[in-house]
Amino acid sequence: MRFEVKIEVLPREGIANPEGSTIERTLPALGFETAGDVRVGKVIRLQVEADSTDTARAIVEDMCDRFLCNPVIEDAIVEVLTA
Amino acid sequence: MRFEVKIEVLPREGIANPEGSTIERTLPALGFETAGDVRVGKVIRLQVEADSTDTARAIVEDMCDRFLCNPVIEDAIVEVLTA
Amino acid sequence: MAPEDASVHRVLGLSDEEYETIHGLLGRHPNHLELAMYSVMWSEHCSYKSSKIHLKRLPTEAPWVLVGPGENAGVIDVGDGIAVAIRIESHNHPSAIEPYQGAATGVGGILRDIFTMGARPIAVMDPLRFGPLDDPRSRWIAEGVISGVSGYGNSVGVPTVGGEIVFDETYRGNPLVNVLAMGVLPVERLVLGRASGVGNLAVLLGASTGRDGIGGVSVLASAGFDEASQNADKRPSVQVGDPFEEKRLLEACLELLDEGLVTGIQDLGGAGITCATSETASRGGAGMDVDVSAIHSREEGMEPFELMTSESQERMLAIVEPESLDRVLQISSRWEISASVIGRVTGDGQLRILDGFDGEVLAELPASTLHDDAPEYERPLSPPENLIERRSLDASSGPVDCAADLLVLLRDPAWVYSQYDHQLFLNTVVGPGSDGALLRLRDPRTGHETGRALGMSTDGNHRWCHVDPRQGTAMVVAEAVMNIACVGAEPMAVVNCLNFGNPEHPEVMWQLSEAVDGMSEACRAFNAPVVGGNVSLYNETNAVDIAPTPVVGVIGMHPKLSNPPPGMTVSPDLTLVLVGQQPNEDVSMAGSRWAWEIGGCKDGTLPEFDLLQTVRTAAYVTEIVQRNQVEAVHDVGEGGLAVALAEMAVHSGVGMHISGFDGHRALFNESGGRVIVALNRTDLESFLKETSNRGVPAQTIGNTGGPSLVLGSTINLSIDDLTRAARDELPQALGQGTVSG
Amino acid sequence: MSRRVGVIRFPGTNCEFDTVDAINELGGEAKVVWHGDSDLGDVDAIVIPGGFAHGDYLRCGAIARFSPIMDAVSTFARNGGPVLGICNGFQVLTEAGLLPGALQKNAGLKFLCRMEQIQFASTANVVGLGASVGDLLNIPINHFEGNYVCAKETLKQLEEENRIVFRYTDNPNGSIGDIAGISNKRGNVVGMMPHPERATSMLLGSNDGSSLLQSLLSTERAPSTNENVASTHDERI
Ligand SMILES: Nc1ncnc2c1ncn2[C@@H]1O[C@H](COP(=O)(O)OP(=O)(O)O)[C@@H](O)[C@H]1O
Ligand SMILES: [Mg+2]
């Protein structure tokens with residue numbers, strides 16, 4: 001089966017996120033006074049062949065560990081969307 | 001109420017996605033032969049004050065139109081996560 | 001092939017007359033695909049149909065010109081078997097709607113023009129013009145464009161060594177993003193975009209073809225931008241650049257050329273495969289069969305007309321002999337570049353589009369008709385009706401506070417160019433931040449230094465050209481030449497980008513015609529032929545045309561470089577001399593930045609400009625710089641004498657005392673052809689004697705030293721205040737996170 | 001003497017020929033080594049030069065570290081061979097686990113190309129020969145992702161083990177501890193963001209980079225060792 005998977009790669013807690021801060025600084029000027037806690041990361045969508053949702057997840061988590069994400073600065077959230 | 005919102009900004013259908021294609025070319029060498037259709041975008045998480053999920057969504061969609069996303073090449077998917 | 005129904009050609013932007021011409025050329029009605037091909041090739045962008053008749057008046061020849069206008073880039077012979085390729089292009093309209101990608105693909109496109117000639121690109125310059133800094137949308141465009149130049153140029157690996165940054169009301173809604181690129185090659189490697197040799201193969205190299213940029217030529221490059229056209233339906237035509245693909249494509253192509261594997265090569269720009277196949281075929285006096293099914297495409301189900309007109313980026317078309325194909329494919333694969341044989345050179349001059357080489361004929365037309373038979377218009381032209389009245393205005397009136405005005409007029413572009421790699425290849429002796437850039441010239445075959453260096457500058461001035469497009473353009477050329485004179489380079493060639501409004505307005509055509517004449521005069525006077533250029537028309541917003549903005553790039557040679565040129569940095573206790581044409585006390589301020597941005601008058605009559613005097617001055621300045629005879633040198637440009645002096649003071653952290661120049665007219669007028677020189681007091685006498693012998697006017701104006709810039713009794717500002725004003729303007733206005741508005 | 005220098009070229013690398021020129025100018029013999037080869041050939045030192053390997057897509061250095069040549073580079077480094085990563089090369093070395101930490105986007109979110117002053121904080125490494133701690137150098141930077149970051153314990157360890165090679169005197173990018181360059185424990189692997197090859201001629205504004213490259217050329221290969229060299233938790237050697 002072919003699964004669509006979404007991987008969110010976000011800066012780890014405690015790691016500076018200047019992109020988020022820049023957006024945060026700009027929002028009030030546009031009238032979005034109440035918005036805050038902005039964090040910016042990357043999203044990767046891909047398709048993968050697997051027997052089950054669990055294997056799909058396992059494959060993609062392996063991909064993250066080995067390649068898609070740098071654990072020194074990033075955390076990844078994997079979501080298997082559809083079969 | 002304070003809502004956590006997630007915005008995914010992805011290249012529009014038909015728009016080239018060089019980062020995705022480059023990752024795609026690399027995956028087979030790492031043993032991920034079956035992965036494909038890689039697309040890379042941005043994810044923005046933020047918090048916003050609103051009366052309801054719907055208003056939260058409306059505020060953030062407005063933000064996307066005016067600021068976070070250029071509809072010429074990008075689509076935004078807004079997801080209201082939690083109250 | 002189905003006969004054409006009556007109205008499709010109009011939707012595609014072809015007039016009824018143009019349709020009739022096509023009908024006549026083919027002897028039958030064209031089908032949709034053929035019509036699409038004519039429409040993209042006969043667009044303003046590809047055919048120069050409104051401007052061609054004027055461009056013919058430009059001087060284009062000199063013994064050192066190897067390739068003049070008409071090819072992908074101009075090429076000059078710089079001696080020692082080395083040639084230099086240079087070209088400038090605009091990417092104005094795409095940048096207005098997607099600034100980052102618009103600018104990025106502008107850089108990508110101009111680089112392909114250079115390496116398609118067999119040259120390795122070694123320098124980029126980016127003359128940029130945006131709406132006012134207080135307009136959020138203009139800031140968004142400016143930031144996006146600058147990041148795009150940075151993101152693409154740095155990554156592909158070509159240094160951006162100079163440019164311009166201008167903010168003005170006239171560009172609100174229609175920014176100007178011009179990009180110049182220069183490359184070097186061994187003379188013998190020069191290859192032209194020609195297809196010859198029946199049976200040779202046309203190989204499409206690089207990125208896959210997608211639907212992006214379909215109709216980009218006719219819709220984006222030739223349509224005006226009013227509010228209504230900024231809507232969504234035009235949007236998918238924007239393309240996304242991939243500098244990594246371009247880098248691999250560049251390296252692969254240069255390797256193919258090094259091994260002599262291609263007989264002709266052509267980049268894919270406007271009008272995509274249609275342009276590349278027909279241009280190579282018609283230049284080579286040949287024909288070509290093109291198999292659309294062989295084109296590697298990015299999307300499913302693309303129609304032949306989409307494949308033929310797509311402007312997907314990072315693609316090249318190489319003409320190779322069949323025996324060389326394997327090696328070509330090998331090199332491509334090493335650089336991870338896709339390569340497909342999409343065409344075969346034929347002998348009959350026909351461009352045939354086929355579905356499989358032996359399959360159905362989808363289109364068939366004489367290749368040369370797409371170029372040679374493109375329409376050429378002699379559009380009506382006339383000066384603005386109120387020209388005499390406009391020229392009679394006095395541009396020097398308005399509230400005056402010279403010190404405050406000077407602080408407003410000072411702007412350090414460092415915030416822009418520090419985002420650009422300007423040092424790659426270890427050639428940059430003078431980078432951005434001075435007058436011209438100066439790059440050591442190394443032999444492209446061995447990498448050895450030649451002891452010589454190339455000077456480059458880009459300049460434009462819409463204010464001067466608005467007041468008087470003819471003299472204004474001549475002054476622009478002179479300013480560019482003076483900039484490279486300040487780094488010791490003698491001009492060899494000019495490229496130009498003519499950014500104008502709607503050519504259907506007679507006043508715009510008059511501006512263009514005048515600008516061409518002004519450029520011609522100046523280029524003749526400096527003996528610097530025009531070797532290439534680009535015309536960008538329909539720069540308008542809500543039917544208001546931009547001020548005429550011809551931009552020129554000049555390249556020149558420093559024959560013997562052993563030390564860095566003096567630059568604009570002064571030390572204390574030097575004498576300052578103003579060299580060149582000396583304006584009268586009642587000199588006009590028309591077209592000056594002061595008049596536009598402070599006084600508020602945009603018209604009047606430009607200050608008198610003595611072109612021959614300026615030629616002598618530039619030649620003299622070049623010599624003294626080459627001989628390292630002076631301590632510092634800086635030309636007087638926008639903002640006049642006061643701004644030029646302040647720039648030197650800020651640069652050096654050293655004050656100055658100037659006398660004899662009081663009041664805004666003396667300080668801010670922009671009379672052309674002037675250079676400030678700093679020298680040791682002991683050298684002054686002989687210097688003045690020499691200038692007088694050479695017929696170059698010179699006047700001692702003051703000396704350096706102290707903590708402040710003191711201009712007569714009018715201005716007394718500390719270096720700190722000046723530095724802050726210059727340095728902080730751009731980072732305070734930009735880089736704070738801006739809005740698309 | 002380390003005279004033969006292999007300069008690694010990935011698709012997207014762009015400082016390889018500048019690096020080769022600078023080394024040859026100093027009397028070395030540099031050659032370009034293709035990333036797809038698995039053999040370094042006969043070299044005494046390695047430079048991973050600046051540029052945008054694989055377009056810097058995903059993360060700088062993330063794809064490059066899987067290139068076939070990187071196994072040979074790791075082995076060479078583990079055997080004590082002198083390895084210098086410049087800019088993108090530094091990023092590749094961290095991704096490959098040959099140096100700890102990571103390089104993030106500059107705090108100002110802008111690419112920066114300009115002269116910077118850096119100071120030697122440790123000379124116990126392959127670029128420090130003949131230099132003294134405290135020496136000031138003018139060397140250009142040219143990067144978007146030069147903001148060095150690492151875990152607190154790693155930073156402590158780097159300091160204790162004298163592995164911070166350079167600090168900026170006026171931090172341009174937000175790097176933790178003003179770090180401009182670090183080394184591994186043995187000092188044979190150095191990564192630095194500034195470009196020494198761009199500071200090898202007064203005609204171009206500075207030749208403070210020459211001594212660093214000269215040091216690389218003059219370093220004897222550190223003795224090969226089988227003992228487990230202590231490294232930080234995110235280093236893979
Ligand atoms: N957009 C830009 N990109 C790169 N360099 C720039 C840019 N804008 C200005 N510069 C550089 O800043 C310096 C000053 O620019 P400018 O004031 O336009 O010079 P001039 O008046 O001598 O033509 C020049 O070296 C120029 O190349
Ligand atoms: Mg100048």
Heavy-atom pairs under 4.5 Å with chain D: which of C:I146, C:D242, C:V156, C:N427 has the most?
C:D242

Rounded to the nearest 0.5 Å, what's the gap from CZ on C:F425 to CG on D:N14? Could you check?
6.5 Å

Separation of D:F10 CZ from C:K247 NZ (nearest 0.5 Å)
13.5 Å

Under 4.5 Å from any heavy atom of chain D - which part of C:E246:
neither

Measure the spacing between SG of D:C113 and CD of C:Q419 and express it to the nearest 0.5 Å.
11.0 Å

Near C:E255 CD, under 6.0 Å, is it more than 12 heavy atoms from other residues, nucleotides or ligands?
yes

Working to the nearest 0.5 Å, report the span between CZ of C:R440 and OG of D:S201.
5.0 Å

Heavy-atom distance under 4.5 Å to chain D: side chain of C:R334, backbone, both or neither?
both

Between C:T428 and chain D, with a heavy-atom cut-off of 4.5 Å, which part of the residue counts as in contact: side chain, backbone, both or neither?
backbone

Chain C contact via D:D21 - which portion, at a heavy-atom distance below 4.5 Å:
side chain

Looking only at C:L561, C:L424, C:L250, the option with the highest number of non-hydrogen pairs under 4.5 Å against chain D is C:L424

Run the salt bridge (Lys or Arg N to Asp or Glu O under 4.0 Å) test against C:R727 and tell me which residues pass, sequence neighbours left out.
none

Toward chain C: residues of residues 135-149 of chain D with heavy atoms under 4.5 Å
D:P140, D:N142

Mind checking whether D:W34 and C:W335 have parallel, tilted or perpendicular rings, split at 30° and 60°?
perpendicular

For C:D421, which atoms come within 4.5 Å of any heavy atom of chain D: side chain, backbone, both, or neither?
both

Top residue by heavy-atom pair count (under 4.5 Å) with chain D, among C:P564, C:G157, C:S418?
C:S418

If one checks every heavy atom of D:H54 against chain C at 4.5 Å, the contacting part turns out to be both

Quick check on the interface: out of D:E197, D:M202, D:R114, D:K110, who has the most heavy-atom pairs with chain C under 4.5 Å?
D:K110

Is chain D contacted by the side chain of C:E245, its backbone, both, or neither, given a heavy-atom distance below 4.5 Å?
neither

dist C:F244:CZ -> D:F52:CZ (nearest 0.5 Å) comes out at 12.0 Å

For D:L204 and C:L426 the tightest heavy-atom approach is CD1-O, 3.4 Å

Side chains of C:S155 and D:D56, heavy atoms from C-beta outward: is any pair under 4.5 Å?
no

